[in-house]
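No experiment lies behind these values; they were computed from the predicted model shown. Indexing begins at 1, ligand by ligand and atom by atom, following the structure's order.
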Amino acid sequence: MFIFGAIFGCWDPVATLAAVMSEKSPFTTPTGRKDEADLAKSALAMADSDYLTIYSAYLGWIKTRQEGGYRSEIAYCQKNFLNRTSLLTLEDVKQEVIKLVKAAGFLSSTTANSFEGNRATQNFSFQEIALLKAALTAGLYDNVGKTIYTKSVDITEKLACIVETAQGKAQVHPSSVNRDLQIYGWILYQ
Ligand SMILES: *[C@@H]1O[C@H](CO)[C@@H](O)[C@H](O)[C@H]1NC(C)=O
Ligand SMILES: *[C@@H]1O[C@H](CO)[C@@H](O)[C@H](O)[C@H]1NC(C)=O
């Protein structure tokens, strides 16, 4: 994953995604408010990916924080069912990762923040999403599963997404943005 960051000079998303992958999700589900929390999460959902959804939530938080300060930040977290402490941890871990790759001589100060810096929206182009997904794939190299498409008789019925992995069949976690994904394709897991 870090070699990928070096080749493509995209250290900021690689460092953020490495932090996202190592920390627990900042999304919260307060008791009795699961539907609202799910809705808030799907509003931020990005590219059928839980990691990229967290990434998008993180970028929105950073932007709100820079532009609106503490109060907007709190409002953003409440509106989107995000745990601010988890986001702060994510940011710390990311900065640690950047420090490490700098110390290892991979990163000059000029190459940082080219991807995330001054981003007006969390609206990524197809190419950018492909780059982010490639970085995730590099990070989760061995953990690829094949999704099993189940033809539904009743189109309103939401079928759980089942994935074939090296360890056997598994169902996508109910908290995932992909819990009822029904396609022929591949999925990364951790
Ligand atoms: C937020 O996350 C922190 C650290 O994981 C945890 O201690 C805290 O209870 C969480 N707060 C809420 C409101 O979920
Ligand atoms: C997102 O960006 C694309 C071009 O990169 C543009 O066509 C589209 O309208 C934008 N969508 C939003 C919601 O900003």
### Side-chain heavy atoms of W61 within contact of L90, under 4.5 Å
no
### Task
Using a 4.5 Å cut-off on heavy atoms from C-beta on, say whether the side chain of V14 contacts that of W11.
yes
### Task
Side-chain contact test, heavy atoms from C-beta onward, threshold under 4.5 Å: evaluate it for F81 versus T29 and give yes or no.
no
### Message
Once side-chain hydrogen bond (donor to acceptor under 3.5 Å, both in side chains) is applied, what residue pairs with a partner in residues 15-28 remain, sequence neighbours excluded?
### Response
T16-K94, T16-E116
Show me the short polar-atom pairs for ligand 1: any N or O of it lying under 3.5 Å from a protein N or O, with distances only.
unit_1	atom_1	unit_2	atom_2	d
ligand 1	2 (O)	N83	OD1	3.4
ligand 1	2 (O)	N83	ND2	2.2
ligand 1	5 (O)	K24	NZ	2.8
ligand 1	11 (N)	N83	ND2	3.0
ligand 1	14 (O)	N83	ND2	3.4

### Query
Do L181 and V172 touch side chain to side chain, with heavy atoms closer than 4.5 Å?
no
### Query
Is there a side-chain contact between D38 and R179, using heavy atoms and a 4.5 Å cut-off?
yes
